[in-house]
4 protein chains.
Amino acid sequence: MTSETSRPGRQRLAPEVRRRQVLDAAVAVFSEEGFHGASMDAVAARAGVSKPLVYVHGGSKDELFAACLHREADRLLDAVQSAAGAPGEAPLVRLRRALRAFFHALTTQRAGWTVLYRQASTGPFAGEVDALRRRIVEEAADLMADGLGVPRAVALPYAHTLVGAAEGLADWWLGDPDAAGDGVAEPADVLADMLLAVVGPGIEALTNGSSGSIASSSSVSGER
Amino acid sequence: MTSETSRPGRQRLAPEVRRRQVLDAAVAVFSEEGFHGASMDAVAARAGVSKPLVYVHGGSKDELFAACLHREADRLLDAVQSAAGAPGEAPLVRLRRALRAFFHALTTQRAGWTVLYRQASTGPFAGEVDALRRRIVEEAADLMADGLGVPRAVALPYAHTLVGAAEGLADWWLGDPDAAGDGVAEPADVLADMLLAVVGPGIEALTNGSSGSIASSSSVSGER
Amino acid sequence: MTSETSRPGRQRLAPEVRRRQVLDAAVAVFSEEGFHGASMDAVAARAGVSKPLVYVHGGSKDELFAACLHREADRLLDAVQSAAGAPGEAPLVRLRRALRAFFHALTTQRAGWTVLYRQASTGPFAGEVDALRRRIVEEAADLMADGLGVPRAVALPYAHTLVGAAEGLADWWLGDPDAAGDGVAEPADVLADMLLAVVGPGIEALTNGSSGSIASSSSVSGER
Amino acid sequence: MTSETSRPGRQRLAPEVRRRQVLDAAVAVFSEEGFHGASMDAVAARAGVSKPLVYVHGGSKDELFAACLHREADRLLDAVQSAAGAPGEAPLVRLRRALRAFFHALTTQRAGWTVLYRQASTGPFAGEVDALRRRIVEEAADLMADGLGVPRAVALPYAHTLVGAAEGLADWWLGDPDAAGDGVAEPADVLADMLLAVVGPGIEALTNGSSGSIASSSSVSGER
DNA sequence: TATGAATGAGACTTCATTCAT
DNA sequence: AATGAATGAAGTCTCATTCAT
């Protein structure tokens, strides 16, 4: 037996490399098939390794899925946070950058986003997913509270609204990637601008209204 | 112990009653566990009937899921459409009524909404789910196109944004029901007004801008 | 409510008529699907009655199948026995008539034959079927012992051979009904003659040989 | 207790060994219970392995059954064909050797024969079973056509008769193994000779008759 | 370390059988 | 007498997980 890699299937790799291999495959498969629909066989095949190795590096199916969730959520949050920058800058500029980063991250992490937002909100990971989502919403709430000069408790529902709106827009775009973009700017930037066009004026108007009577500041409150 | 339902087993019921029992249970279970995660055993247990009865009244798991999808989508769409009223009325009034009906439906049909919108759009029902989702969003797009005087294709992404924002707000509220509502008006109405406060000004502003330069109508387009 | 049969599904019939209805349907279904493959639903549907009625008139599935076996075996044996006639007549003439009756019975009782010989020889009714077959073989053994003037114990294996040969021929014919028959005589008669052409000379020759050395009377015993 | 097979569970075997184990068990169970009556549980238990292993090595129930059919048919046909030898030899000698091989195979492959010949020829395997049966009977028909100097189409019903007769004789013998055999020769050889004693003279006589008037060559054609 | 081989548990589905009308 | 409605039990098949090499 020579010292060369005599059998290609038995290639020894550094543990962290193998772990990333497995996680990448898992994210891909989970995003395509959902948690229950995905099989460990499929993950192993996608990673190009044997099934026991998936267990060695990824743990049980539940653990593997949780690891996917966390890694993808961390990536997303990191991207948004670092784009938002320090609290000193103009708040709406920070929001704009954060939104652009958010939509941009979807382009490069589409599978991760799907795992986080389309597959896992039901089933045994609802709680885990909710906690991860909360981290994102709270980042948005911080930005808005800072920008509007209102208490965080007041900003919270608007943050949920904003994040929900972003999700809705993102889903539409991911379902039909050619529909957005004018061919000049980055699609992610276009999406961020579309979103701001819808919610920007409303958010600005909120700065002038008292927290309790926000609804009455709407221009469509004529009825009843 | 009353004289009613002396023995739970072997109760003869009219077929349509049983069918609704089964469908209700199925919607509940599917919404909690997802399609793959839900078991026919769980549906039967939730409905309080035996498993074969689920097959008699709901057909196979696929058929049962499809039936759930269609019933819930029809219910939701009916509620929103009848609330929106005829096209002759003032557009923003129609939108307001539609939104109120939408939030109202979300609170009474939470599970149905979850089945429709929080399920994997991958798998064997992708087409079906997409078609049903489209019907709902397109109703919103019709309203907005009518109200804004813009082509439907332009209104579509804003409709997705609007629906997503409504979801985000509803999720927040359903997770903490005491947080919204002033104790006077219906919570659903309060939510509708909050949403309009955020998106109303932006939507109005869109009426003046051309589709391509929507983003530039935002007051935060200073950067870059 | 008049005294007329207001509902056609609730027609009261004499028990023996119903029983025959059910048995006929059962024979048909069992012959087509086999014991395990046949469902009580199918039997009920074929009989044009409801399933509980099948249980009332036919008993459990096992009992129903046993009843089918016995009725069909009795019919077959009756036909053969009455054709064979009394022991006084010329033995080979009796055999010939019996064989013709046998093949003729297959034409009119094809389903019954299938149930008896093609479906039931495996499974939980093997013993029952064997007993019924034995009755037929023993009828043949009686005929042969009588005709050849040999003890019944000696005739028995030849009776098995004869019945097996008849089965083989019958199976072939039933699988391809157009293959037999010259267009003039009854197909059943042609089959009987074919069988006699094969086994007749051998049986006659056995009359002259001793029981122990039958094999040596063969003209092909040259080897070894 | 020897040192062998210390623990029955979790034994690693070569795939081809396991596959034969599974097939053997399947043939046994199918022959005893029929296709519908046999359960995969029973096959697994008979093979002494777990149920998933049956699926790994045998595929679905349909595939497993088909594999049984083919293996047993091949075995049987191989045995008979190699015993029959080349066409150049004396026809009746070939027939004799083939019959001996046939009876020998019946005694060592009883279950396989049962699977092939005592199963419902209805159901999803009708075509497959018929084709395999035909191969065996046609081998006999070839031998007979060769030996008698008649066209194969003429020989075919006689081949069915011959095979049926062999089955009848074999059934009788296998039901009462002490009844046949003189204690000197192989029982299978004795059975072959008994069969030839019955059908040999008839077959020889057929050589002189034309196909249409075979029946009239019988010595019992006096009636009608 | 890495894997081929094996299995316990559970899912979907159907069927024989029986109650309540 | 007759039936629509209902269910316990069993069957096929898959999957997460682990042993033995």
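Residue numbering restarts at 1 for every chain, and letters A, B, ... go by the order of the sequence lines.
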**Message:** Output the rounded distance in Å from CZ (B/R19) to C1' (F/dG4).
**Reply:** 18 Å
**Message:** Rounded to whole Å, how long is the line connecting atom CD of A/E33 with atom C1' of F/dT14?
**Reply:** 15 Å
**Message:** Does anything in residues 60-70 of chain C come within less than 4.0 Å of DNA chain E? Heavy atoms only, and list the residues if so.
**Reply:** C/S60, C/K61
**Prompt:** Between D/L13 and D/Q11, is any pair of side-chain heavy atoms under 4.5 Å apart?
**Reply:** yes
**Request:** Report which part of the nucleic acid C/A14 touches: base, sugar-phosphate, or nothing (heavy-atom distance under 4.0 Å, all strands).
**Result:** nothing
**Asked** If we only count heavy atoms from C-beta on, is the B/S60 to B/E63 side-chain gap below 4.5 Å?
**Response** yes
**Prompt:** In dot-bracket, 5' to 3', how would DNA chain E read with Watson-Crick or G-U wobble pairs under 3.5 Å, [ ] for crossing ones and | for pairs to another strand?
**Reply:** .||||||||||||||||||||
**Prompt:** Quick one: does D/H57's side chain have a donor or acceptor within less than 3.5 Å of a partner on D/L53's backbone?
**Reply:** no
**Message:** Heavy-atom count check: over 12 atoms from other residues, nucleotides or ligands less than 6.0 Å from D/R110 CZ?
**Reply:** yes
**Asked** Heavy atoms under 4.0 Å, any strand shown: does C/P15 hit a base, just sugar-phosphate, or nothing?
**Response** nothing
**Message:** Assuming nearest nucleotide by heavy-atom distance, tell me which of B/L13 and D/G37 is located more 5' along DNA chain F.
**Reply:** B/L13
**Message:** Atom CZ of residue position D/R75 - does it have more than 12 heavy atoms of other residues, nucleotides or ligands inside 6.0 Å?
**Reply:** yes
**Message:** Classify B/A44 by what it touches in the nucleic acid, base, sugar-phosphate, or nothing, heavy-atom distance under 4.0 Å.
**Reply:** nothing
**Asked** Residues two or more places apart in sequence or in another chain: which of them pass ring-ring contact (aromatic ring centres under 6.0 Å, His included) with C/F125?
**Response** C/F35, C/F65
**Request:** Starting at atom CG of B/D41, determine the distance to atom C1' of F/dG8, rounded to an integer number of angstrom.
**Result:** 12 Å
**Item:** Backbone N/O of D/A38 and side chain of D/K61: donor-acceptor pair under 3.5 Å
**Value:** yes
**Message:** Does any part of the side chain of C/E128, heavy atoms only, come nearer than 4.5 Å to the side chain of C/R133, both counted from C-beta?
**Reply:** no
**Nearest-angstrom distance from the residue atom CD of D/Q21 to C1' of E/dA6** = 12 Å
**Request:** Determine: side-chain N/O of C/R18 to OP1/OP2 of F/dA2, distance under 4.0 Å, yes or no.
**Result:** yes
**Message:** Reading DNA chain E from 5' onward, which residue's closest nucleotide shows up sooner: C/M40 or B/A38?
**Reply:** B/A38
**Request:** Using whole Å, report how far NE2 of A/H36 lies from C1' of E/dG10.
**Result:** 11 Å
**Item:** Lys/Arg N to Asp/Glu carboxylate O, A/R46 vs A/E32, below 4.0 Å
**Value:** yes
**Message:** Once salt bridge (Lys or Arg N to Asp or Glu O under 4.0 Å) is applied, do any residues pair with A/D24, and if so which ones, sequence neighbours excluded?
**Reply:** A/R71
**Prompt:** For DNA chain E, which residues in residues 50-58 of chain B have a heavy atom at a distance below 4.0 Å?
**Reply:** B/K51, B/P52, B/Y55
**Complete:** Contacts of A/A47 meeting side-chain contact (heavy atoms from CB on, under 4.5 Å) (sequence neighbours excluded), chain-then-number -> A/A25, A/V49
**Asked** Does the side chain of D/F30 come within less than 4.5 Å of D/L69's, by heavy atoms?
**Response** no
**Message:** Classify A/A42 by what it touches in the nucleic acid, base, sugar-phosphate, or nothing, heavy-atom distance under 4.0 Å.
**Reply:** nothing
